[in-house]
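Since the structure comes first, as structure tokens, the remarks are kept for the end.
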2 protein chains.
Amino acid sequence: MQEITGLELSPKKVEYLKFLFKKGDLVRTTDISTELNVDPSTSTKTINDLSGSGYVDHVPYRGVRLTEKGRAYAEFFVNRHNILSLMLSHYGLSAEDACSEVSRFEAFVSKNAIDTICGAMGHPTVSVCGKIKHISCVSR
Amino acid sequence: MQEITGLELSPKKVEYLKFLFKKGDLVRTTDISTELNVDPSTSTKTINDLSGSGYVDHVPYRGVRLTEKGRAYAEFFVNRHNILSLMLSHYGLSAEDACSEVSRFEAFVSKNAIDTICGAMGHPTVSVCGKIKHISCVSR
DNA sequence: AATTTATTTGTATATATACCAACAAAGAAT
DNA sequence: ATTCTTTGTTGGTATATATACAAATAAATT
């Protein structure tokens, strides 16, 4: 498995993986389109992209699920979101504001930066948005 | 002058304004292309865009300068960069890492968030990247 | 089997970015 | 001042991302 830099995927694709991770198992492309407010054809196409680069397996007309690689990335993406939200909440942003602010820029924050921030925080396990796991977080 | 949300311009356009602000006066499109590592044709086109939306004045074959509006935005962009860099440096990132990390995502952080963070920091005047001014920073 | 629903494919649009080649203007040199 | 050189601009083309509508197709339901 290659190194995660954190900058591999566009903001939208990060959303897709986080949603698939949250749902856990086989997910229908229509569920994705509902959740992310896009046309079903859009989610199918994006899923095809993600499938082509190995993040998901897609059985047409059946559903989508994360690959091993996709799961690892999704897990990082969720942690990244939570760590950044926690950070912003330390500077006076409400949970909701922190969360929505982070959603806009999280795709552009590297794994290196997240590992460093996470270490400086003492590897917290709870954020304002959800729990934080530390599977892949290198101690710094 | 309309309210600044901070989300008006793309990352590249933010770079353009920050560079123009740094240079101060009339700037040649070629200087921009050199600084931002883009083709001269690219900088000319982008400047035309920025001119169309009122951020710069462009006299073809002569140069570019910020409008009043452009200057106000650029000033905010520089402050935003510095405040975010300072924030990341609080979590163990070096000045260079903080600065380059922030460069990637700063365009997606709202003025509201920056004002809040800035207030929580006690309106610092110095960052790891440069000085911070507080002209337009609403106290929170 | 027929109909309805879900999904995919094909085509199309919009934004942002950027390169190259062709052209125009400005400044310098004769 | 007319040419030469440098600088700057425009037009054409291309990529990546994200999106949607309409048509086609597969699956599920009656």
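Note on naming: letters A, B, ... go to the chains in the order of the sequence lines (proteins, then strands), and numbering restarts at 1 for each one. The structure presented is a predicted model; accordingly, all values stated were derived computationally and were not measured.
- When distances run from any side-chain atom of A/S10 to the nucleotides D/dT17, C/dT17, C/dA25, the shortest one goes to D/dT17.
- Put simply, CZ on A/R104 is 18 Å from C1' on D/dA18, counting in whole angstrom units.
- Between the side chains of A/N112 and A/S110, not a single donor N or O lies within less than 3.5 Å of an accepting N or O.
- No continuous path of hydrophobic side-chain contacts links B/V128 to B/M87 [ILVMFWY only; heavy atoms under 4.5 Å].
- Within residues 32-50 of chain B, the residues approached by DNA chain C to less than 4.0 Å at the level of any non-hydrogen atom are B/V38, B/D39, B/S41, B/T42, B/K45, in residue-number order.
- Look at A/R62 and you'll find a side-chain N or O under 4.0 angstrom from OP1 or OP2 of D/dA28.
- Applying the 4.0 Å criterion to OP1 and OP2 of C/dG27, one finds that B/R28 has every side-chain N and O outside that range.
- By the rule that hydrophobic residues join a cluster once side-chain heavy atoms approach within less than 4.5 Å of another member, A/L36 and A/Y55 end up as members of one cluster.
- When the options A/K23, A/K22, A/K18 are evaluated for a salt bridge (charged side-chain N to carboxylate O under 4.0 Å, His left out) with A/E35, the one that passes is A/K22.
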Inset, instruction - Could you walk me through whether A/F105 and B/F108 pass the ring-ring contact (aromatic ring centres under 6.0 Å, His included) test, one step at a time? - result: CA-CA 5 Å; A/F105 70 78; B/F108 306 102; 8.3 Å; no
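- Picking from C/dA18, C/dA16, D/dT9 the nucleotide with the shortest atom distance to the side chain of B/K13 gives C/dA16.
- Whole-Å rounding puts the A/K12 NZ to C/dA16 C1' distance at 17 Å.
- Taking only side-chain atoms of B/H58, from C-beta outward, the nucleotide of D/dT9, D/dA18, C/dT8 with the closest atom is D/dT9.
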Legend entry - side-chain contact (heavy atoms from CB on, under 4.5 Å) between A/E101 and B/V109, worked out: CA-CA 7 Å; A/E101 200 72 38; B/V109 182; 3.8 Å; yes
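- Both A/Y61 and A/P11 sit near DNA chain D, but only A/P11 has its closest nucleotide nearer the 5' end.
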